[in-house]
Amino acid sequence: GAVVSQHPSRVICKSGTSVKIECRSLDFQATTMFWYRQFPKQSLMLMATSNEGSKATYEQGVEKDKFLINHASLTLSTLTVTSAHPEDSSFYICSAEYPVEKTNYGYTFGSGTRLTVV
Amino acid sequence: TQLLEQSPQFLSIQEGENLTVYCNSSSVFSSLQWYRQEPGEGPVLLVTVVTGGEVKKLKRLTFQFGDARKDSSLHITAAQPGDTGLYLCAGENTPLVFGKGTRLSVIA
């Protein structure tokens, strides 16, 4: 249980175009989802927290107009990289919070999206 | 900001050797999670430790949560090439606070 599907797994786009990445919870309702960015050989860096039905909360230094997050339903959050540039090339990973006994909630991760902007 | 320090950052060992990875913080966490990530994939949860002093075993992997719930360790016995990957600790919080990770390479 608690599976998150992220799509696409890889995308190549031209500089200046926009790219949308989807994150779906398949077998549970995800009120809260998270978007991370990971540079090569580094850990996950939180970009924003996505709450269903409300505006996302962005981490310091993350441009909210560039990385648009929409969480319009309990099973889908999307991250749109607008006017992408080569420096936006990275591995983007979504995560969703789900209820778990004892710890109250757990986290499950998507398989990531490798974005390459050329 | 709660920070998690992981050490070592890189580790290259021979098959059959033992190793320990450490995760330390100045903050107290209600629980702590360990993840393993392979290239091009998302992190996969290995274990969650909740109680101070708790020890959990997952085959050849032993996880320990410090008594004060500020630190944790992961010990791998008789490492195998299949253990190669990025090991991440994450402090229970909303959102998760990740350590920088330990990149393990096990050479056959």
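In what follows, chains are A, B, ... by sequence order, proteins preceding strands, each numbered from 1.
The distance from atom NZ of Lys41(A) to atom CZ of Phe10(B), rounded to the nearest 0.5 Å, is 7.0 Å. Once rounded to the nearest 0.5 Å, the distance linking OG of Ser43(A) with OH of Tyr87(B) reads 15.0 Å. Taken to the nearest 0.5 Å, the CD atom of Gln42(A) stands 9.5 Å off from the CZ atom of Arg103(B).
With a threshold of 4.5 angstrom between heavy atoms, Gln37(B) approaches chain A through side-chain atoms but not through N, CA, C or O.
Proximity to chain B at a heavy-atom threshold of 4.5 Å picks out Phe91(A), Ile93(A) from residues 73-94 of chain A, in numerical order.
Put simply, Phe34(A) and Tyr58(A) are part of two different groups of oily side chains (I, L, V, M, F, W, Y) that touch within less than 4.5 Å, one to the next. Under the 4.5 Å side-chain contact rule for hydrophobic residues, Val19(A) and Met33(A) do not share a cluster. Under the 4.5 Å side-chain contact rule for hydrophobic residues, Met47(A) and Val11(A) share a cluster. There is a path of hydrophobic side-chain contacts, each under 4.5 Å, that joins Leu58(B) to Val49(B).
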Enumerate, atom names and distances included, each donor-acceptor pair closer than 3.5 Å involving a side-chain atom of residues 108-118 of chain A, sequence neighbours excluded.
| unit_1 | atom_1 | unit_2 | atom_2 | d |
| --- | --- | --- | --- | --- |
| Thr108(A) | OG1 | Ala2(A) | O | 2.9 |
| Thr113(A) | OG1 | Gln6(A) | NE2 | 3.0 |
| Thr113(A) | OG1 | Pro8(A) | O | 2.5 |

Which atom pairs, one a donor and one an acceptor, fall under 3.5 Å between side chains of residues 63-75 of chain B and the rest of the protein, sequence neighbours left out?
| unit_1 | atom_1 | unit_2 | atom_2 | d |
| --- | --- | --- | --- | --- |
| Arg69(B) | NH1 | Phe29(B) | O | 3.1 |
| Ser72(B) | OG | Trp34(B) | NE1 | 2.9 |
| Ser72(B) | OG | Gln64(B) | O | 2.6 |
| His75(B) | ND1 | Leu19(B) | O | 3.1 |
| His75(B) | ND1 | Thr20(B) | OG1 | 2.7 |

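Residue Tyr22(B) shares its hydrophobic cluster (ILVMFWY side chains chained together at separations under 4.5 Å) with no other residue.
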Could you go step by step and tell me if Leu44(A) and Lys100(B) meet the side chain to side chain contact (heavy atoms under 4.5 Å, CB included) rule?
CA-CA 8 Å; Leu44(A) 281 69; Lys100(B) 289 190 175 181; over 6 Å; no

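Between Leu96(B) and Tyr36(A), some side-chain heavy-atom pair lies under the 4.5 Å cut-off.
Atom NZ of Lys66(A) has more than 12 heavy atoms from other residues, nucleotides or ligands within 6.0 Å. Around CZ of Arg10(A), the count of heavy atoms belonging to other residues, nucleotides or ligands within 6.0 Å does not exceed 12.
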